[in-house]
Every structure is written in structure tokens, then in C-alpha cells.
Amino acid sequence: MTVLVVSFLLVFVPYFIPWGPLDWLSGKLMTIAAVTNAFTIVIAVYSQFRRSGRFIREKRKGWVYHIYLLVLLAIMTLSGFILGQHAGAYEWLLLAVVTPLSSVIYGILAFYMASAGARAFRARSPQAALLLVAGFIVLLYQAPLTGAFFPGIEGAATYITNTFGMSVSRMFSISVSIGAIVLGVRMLTGREVAFLGFTEGEE
Amino acid sequence: MLLILLFALTIKFMGQAKLPYIRRVPALDAIEDAVGRSTEMGKPVVCSFGIGGFDYWTVAGLSILGYVAKICAETDTRLIVPTGGGSETYITREAAVDLVRNAYTAAGRPEAFNEEDMPFLSGEQYAYTPGYVGILVRERPGATVMTGSHYSEAMNIAEMANGVDSITITAGCYTSNMAALACASDYIMLGEEQPAAGAYLSREPAQMASIRVQDIYKFIAIGTILVGIVLVNVGSDIINRLLAT
Amino acid sequence: MNEFLQFAAVVVGIFISFAMYTTLYGKPNPLRDWAEFSYLGAATGVSIVISLTYIYNTAILGIQAGDWILIFSIIFGLMMLFRMHPDYSHVSRLPLAFTVGTGLALSLRTQIFTSFIIQINATIVKLWTGVPLEFLYRLTIAISVITILTFFLYTMELSGPLLWTSKVGEYLMYIGFGGIFAQTFMGRLGLFVGYMESVTTPSWKVPYTLASAVICFIAAIIFDRTGLGQKLSAA
Amino acid sequence: MAKEGGIYRLMATYDKRWVYVVLFIVVLGPLINPIGMPIGISALTKNYYAQLNTLQEGDIVFDTWNMEFSGYMELKPGVLATHKMFIEKGVKLCIAFGHYEGVALPGEIFKQLQTWLDRYDYREGEDYIIIGYVFPNEAAVAALAQDFHANVRVDWKGNSIEGTFLDDIQNAGDFDMISDYTTGLATTYMINHMVLQYGVPMVENSIGVSVPGHLANLDAGLLTALLASTRGGAELEYLIGSPGPGLKSMDAFTLGHYSLMIFIIVGNIGHYGWTRRTGAKDRTGIK
């Protein structure tokens, strides 16, 4: 707890009271924190290993996939360290597997959004009707072709996005920041200790 | 200094222990109905609390999970809680497991609690998502309650849940996600509704107090904006300058 | 990397992508799982390498450059790893508290400005600037922000004027959502189109793309019809 | 499929997967043989173009690629067009990644820009330096903003950055502009710790998902310009008069939007016809 508060103050205060040594210290603390956080990847990987290990040991359905996964992981890591990041299996896998799939995985969301939109944009209540109309106008504007033929659409669309849409985002960022602040204070005043891994049982 | 003022205010209001009134969020009734429905159909309920660490949303999501667990324990409905998805979720998971176990114990049926139903689907977001979807496809739950901080995988899950026609109750934790989820799911807790619901359910003083404090801030914000706009338009930018400091 | 390897990378990449797209068919099938596990394995590998490189470049080199205080980052980091062992997980609480503390400080000290004060400040503007359209914009923003904020008040019964404003706020919010949904869709579509563009240029990729698409599509159907998919898939 | 409610019901409750198939076709089709539809230029993009034109030769731009490869797929046109402008103007770039997939980007991007690199003799080390993956989390961003050289000692290939144009950089304030391409990774942190603290102008290439949020920032003056998604990129290509992937994919883009709209219309017609006959209800999140 004390560590928490102290480290908080050491980074928090210098932002408002510019004073050489303090700035230096806070800067260093930030770097340290950054590096410390970087270590958590090891834990994530460890838990991945444990899970796969369980699958393989108990010969659960699909355990072969887990062996494949671990092998791939090993190749990737070793090659990355031994041959460096710009050569060998590491680079090849990066180009052949990681980069395409990371695009696909997010790209698939386009389909989900399409089907969701096609299902949800039905004028069945005032709210839904508003959603439908607004969404439709903006969609219409976003199709580049429309802009070429009816420049007028831009006015309507930007009016929707830059006023209503923007206000929603703004309201939201306001309320969330409030929430974050309050939660932060709760943590600092020790009202929220669960995040340190204490659970209700221990407290 | 404005910031210090805010902090002082927060602590002061957090200090006072009196439980404020909290409006009931409509989606809560939806949760009850959904769980009831899946009980009748003998289907399980899937409830997740996000892939974030202990942030604003996850705290709320956990309270809602506790509530769902309570109903499930009482009505003897199978509850599946996919966990993991982020490098911090190994902490939140411990809390969640405890929460659910307590709920079953409170309902007097500790033996019904089965930790195998709270699988840890790895710390990677996009290993978590297929795992989650896999659960939905295999178990075909009657209700899917997705709370806490879910990010781009939320659409993915919501659409799948809808595909296996389970009632989908989601909570959006950022704007574009809310807009999308509002379309994809049956009931949605829009942003702040989620913490409010969490506080309403958990009845935990800290959470309720913070909702109260947040409302006060919102009032301050509204007031400032109103006054500010009026002043600015009669030609005095005092508020802007004050805030700019 | 020689020509053939690059070519192979491209082709494999295209095929594995379409294998992943078979998710959309909504039925389990081994192709998809193969793609998924490949991604998981490879991506995890990358993240290990990169994170450790970052640690090396920042901390180790830093210490070598005489920045002794950075030694703590290593110590804390190692203490962090005790999280993995249930009995000693308490050791990791110190670095955890430290990182949470600093993180909290970092976010609080600025977030309150960027997403609270400045946002409010930006809403307080001269409504009438002589341009009617501008006036419309600013008025709408002011009204929307206020009304929507009232929609999110919880510790009091919404009644009288509040009820009214919150209703208005709700409607305005749904208009906003309409726009936002469209923008989000544009984003995702852009991503998809962008990727498809990259697998169709230069034009020699096209046959491979189409072939992979067809193969994967048919495979998905077969796996579903024959029930093989259920048997061979990972879950 | 069409039981009571007939065709209407079919129109209201068709199998989702038809949407998927159609989307695939309308996107792949025009990409394989383009149609070349005209496009309109949005005000946002005009502003972005104007902002970039304020840069002088020799200015140092902090060029942060806060995107996964997927994000690059969406922002590609914007990224390429923007960098063409940078190269043409002889701006010095300090390139950083916000995601580990970033290491795959330079090869890809500079391959696309090869002709421009040659034409303006734009070299790594002299004109641009890649400092690699330096933004694992908020703390790192803040630290780097406060003291650049204490946090960055070598570039992504391990060469020291001593004696390069980066010697002029002490803290984030010494950059003339931040040009960010974001999928929402480190961007908020950069706004908090660089723009807010050191007042560096920041221009943003944002994926469509983050556009609403960044519009608020733009309006609040935290960002100086915003380029929205693939479409913005295409428009920028049009403005700098160098057609690229963006303009090529605009047909697919248009058709993709139109197809969704058609599905919506069909759905609504079906919904009306169906629900009016049989009091049936279908569900979504909107009350």
C-alpha cells in the first residue's frame, strides 16, 4: 500500500512542481515501470504453456494442435534470438503467418458489423428509427462515389458525426475520466485492494 | 489548484458512509429474464467480465457476475465464465473464481460450484476470442451476459451469441463499441450504466459512493458548461481562462 | 531472404488467411483451427522476442551506459515473475503496487485535463459567430453534451425537467450512435478492403487468392456436411 | 425458409452468411478489375493536407506507427501518401512503433516508397531513423517524452543514434510535429504526455473505429488534423496527385457501403411486411 502511494506521489507531484532532481527521479521511475511491465509477457507465456501442457498430458480433444503451437512458438523465439529479427524462420513466419492473420482477424469484424447492421437498422421504435436514418445518411456519405455526385450529402453527414457523434464521445470521455479518477482515489485510499491479488477471502 | 480541489472533494464524499439511492438500470431486469429463460430451457448461462485488469469496467463487471452467479446458484442453472484474454486477467480471474464460489456457498450449494466451468482461455486476446466463441457454439447457452471491458472481440462474440440464438446482454466500454454492440445485442448497458448497475447490485459502499461522486462531478460539469456558455455569450471568458489554468 | 522463400511466404499467407475466413461459415473445421493456432504460436513468439529486446535495449544498455538506477527495473521485473508460483505470489505485490502506483499517477495527472477539463472547456464557446451553420453546430453540441450527461445520472430519480432532458439526451445519443456505427463500419470495411487490395496486387497474386478462397470455402462446406470438421477440430 | 409471412419473412430473416458472401464478392470483384468511380474530397482531408504543407525542409517529425499490421492494411493509403509528402519536403523522420508487429512494417512501407526514396535520395540514418518498438505502455511514452536519449540509445538494428539529427532532440517538445498512424495503441498516451505537456502539433491518421473519439480531440484542439481511415488516404492521394492503393480500393469501398445499405433497405421492407401480417418481433439492443 505504502509503496503504491509513494510511487504515485513521486510521479504525480513533479508534474505540477517542476524541480530538477524530482523530475529526474520521476523520469527514471517511469522507465523502471515501463521495463517492469514488459516482464509480464513472461507470465502470459507461462500460463499459455501450462494450458497447452494440460491439454497434451491429458490427451484432450485437439491436443495435437497444442503440440504444433508450442513447436511453432519455440522455433519463432529461438530463431528470433539466434538469427535476429531480420532473418530466418522468424522473419518468414512473421510475413507468412503473423501479419496476414492479424489483418484477417480484425478484418472479419467488417462482416460481423455488416450482419449486425443489416439486422439492427430496422425502424421499429423512435430510437431505432433515429439510428437508422442517421446511420444511413453517414453510410451514404462515406461511399466515396456519392460524394462525387451529391456534394450536399457531406454537410448532412458531417453535421451528424461532428455534432451528435462528437458529443457522445465527449460526454463519454468526460464520464469515463471521472470514473477513472474516482477509482484511482479509491485505490489510493485503500478502498480497492483486490487489484493487488488480495481477494475477498484474505481481507 | 483545481485538481487538488477535485481530489479533496472525492475523498470527502467517499468518506461519508451513507448509502445513496441508485436508479435501477433496465438491463438488469433483462438479465433476470434471460437467466430465467435459459433455466426453463435447461440451457447454461455464459457470463464474462472482460479482458482488462482491475479497471473501472472490470470492477463493475465483477459485481454483475456475482449477481448472475447468485441467480444461477439459486435456480440451479449451469454458469460458464470464460476468463483470460489479457496479460492482467490472471489477477482478475482469482477474484472472479472467489466471487462465484462465494455465491454458490451463499446459496447453500457449494458442491454445485465447478471450477472447470471457469476456463482460463490464455492471456492472448485473440486466443481468448475463438475459445469464447467455441464455448458458445458447443454449449449453445440460453443467455450470454458480456460485461466488463471487452474490446474489439466484443462484436465477434456478440454476433456469435446471437447466431446460436442466445439472449445477448452486453455492456459497451467505449463509444464505437457501444454503437456496434447496440446493434448486435438484445440488451445493452450503455457506458456508465454498467458501473451503476454494478453498484446497484453489489450494494458495496465504496462503489455506491463513487457513483454518487461521479454524479456530483457530472452536475459540476453541466453547471460549468451552462454558466460558461451564458457568460461567454455575454462576453466574458472567465470560465475558459479558469479552466485553462 | 531469397526469391522463393518470399514467394512461399506470400502464398502461404494468402491461404492461411482464407483458412481463417472460414470462421464466418460458423461451423468448426480444422483449417480454421490450424490458422488460429499458427497465429497464436507465432504471435506469442514475436511478442516474447520484442519484449525482451525492449528490456535489453532500455534496461541493460542503460545500465551499461552508467544508469545504475535502472537495475531496479530488472529486480522488480524478476520479482514480478513470482506471480507464477501460487505460494510466493505475494512477492510480486511490491512491483505490482509500484507499477500500479506509477500507472495511476501517469493517467490521472493528464487524463483529467485531456478528457475532462479540456473537453468541457471546448464545449464552452461563443454560440453566435455570425455564421448560421456554425451557430447550428455549436448549439447542437452544447445541447447534446448537456442532455446526454443528464441521461447518465443515477443517484436521483429522473423526474420533471431531468426526465425530459434525459429523454432528449437518449434520442440525440442514438442519432450519434447511428453516425458512429457507420464510421466504425467504414473502418472495418477499410481494413478488409485494404487487405484484399494487398492480396490482389501485384496481379500475379490474383490466381492464388481466388484459388485459396474457393478451396477454403468448399473445404468448409465438406467438413460441415461430412461431420469431419467436428471430429478433427481443436475444440 | 419462407413460412408464414412469405417473401417478407424471408427478407427480414435471411441467413447472415448471405451478407458475408455478397460482401466478399463486391469487394474482390472491383479490386481484380477496377471500375474507376469518381470520389469526393472531404473537409477533414483538405485540412490535413494544409497542415502537412506547413512543414519546412529539415523539420524533425516524430513519426509514430502505432499500428498492428492489420491497422496498416486500413491506413496504407494514408501512410504512403503522407510519407510521400514528407520525403518530397525533405522532412527528417524519427520513426517509432507502438506494437511489436511494427517490425514488419518498414520493409513493407519503404518497398512501396522505393521510387520516391531514390528520386529524392532519402536515406536511413541521414533522413530517417527507425528507433523501433519503444511504446510498450504509458510509462514508456511519458518517460520518452520527458528525456528522449535516456530511453532511446540505439535504433531498431542496434546501431547507436549518437551523432545523428536526433542529437537535437532533448524532449518531445523539440519535435516540430508528431505524425501518428493509430489503431488506438499509444495515441492517447502521446496526446497526454507530448501534446498536452509540450504543445507539439499532432496530426493523426486514424482507423475508422477511433475516428469518433479523435473528432472530439480535434474539436478540443488536442489534434491539429485528422485523416479518416482508408477513404481519407485515398483523398490525400488524390490531392498530392499520386494515385495508389487508396484510389484503387475506392470502388470496392463504395460497393461495400452500398451493399450494406441495400441489405438494410431489404431488411426494413421485410420487417414491415412481416411484422404487419404476423405480430412477430425480432430483437436488437435498441429499446
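Quick note on labels: first sequence line is chain A, next is B, and so on, each numbered from 1. Any value given below was found using the heavy atoms of this structure, including those in side chains, with hydrogens, waters and symmetry copies removed. Worth saying up front: this structure is predicted, and the values here are computed from it rather than measured.
- For chain C, the nearby part of A/Phe111 is the side chain; its heavy atoms alone come within less than 4.5 Å.
- For a residue to count as touching a neighbouring chain, one of its non-hydrogen atoms must lie under 4.5 Å from one of that chain's; by this rule A/Tyr65 touches chain C with backbone and side chain alike.
- Taking the six-membered ring for Trp, A/Phe164 and C/Phe177 have ring centres at least 6.0 Å apart.
- For a residue to count as touching a neighbouring chain, one of its non-hydrogen atoms must lie under 4.5 Å from one of that chain's; by this rule C/Phe76 touches chain A with backbone and side chain alike.
- Proximity to chain C (any heavy atom under 4.5 Å) is shown, for A/Ile174, by both the backbone and the side chain.
- Residue contact with chain C, scored on non-hydrogen atoms closer than 4.5 Å, involves the side chain of A/Ile105 exclusively.
- Annotation: C/Phe7 is in aromatic contact with C/Tyr208 [ring centroid separation under 6.0 Å].
- Interface residue C/Thr58: only side-chain heavy atoms are found under 4.5 Å from chain A.
- Only the side chain of C/Ile180 comes within less than 4.5 Å of a heavy atom of chain A; its backbone N, CA, C and O stay farther away.
- Only the side chain of C/Phe152 comes within less than 4.5 Å of a heavy atom of chain A; its backbone N, CA, C and O stay farther away.
- For a residue to count as touching a neighbouring chain, one of its non-hydrogen atoms must lie under 4.5 Å from one of that chain's; by this rule A/Ser115 does not touch chain C.
- For C/Ala8, the parts lying under 4.5 angstrom from a heavy atom of chain A are both the backbone and the side chain.
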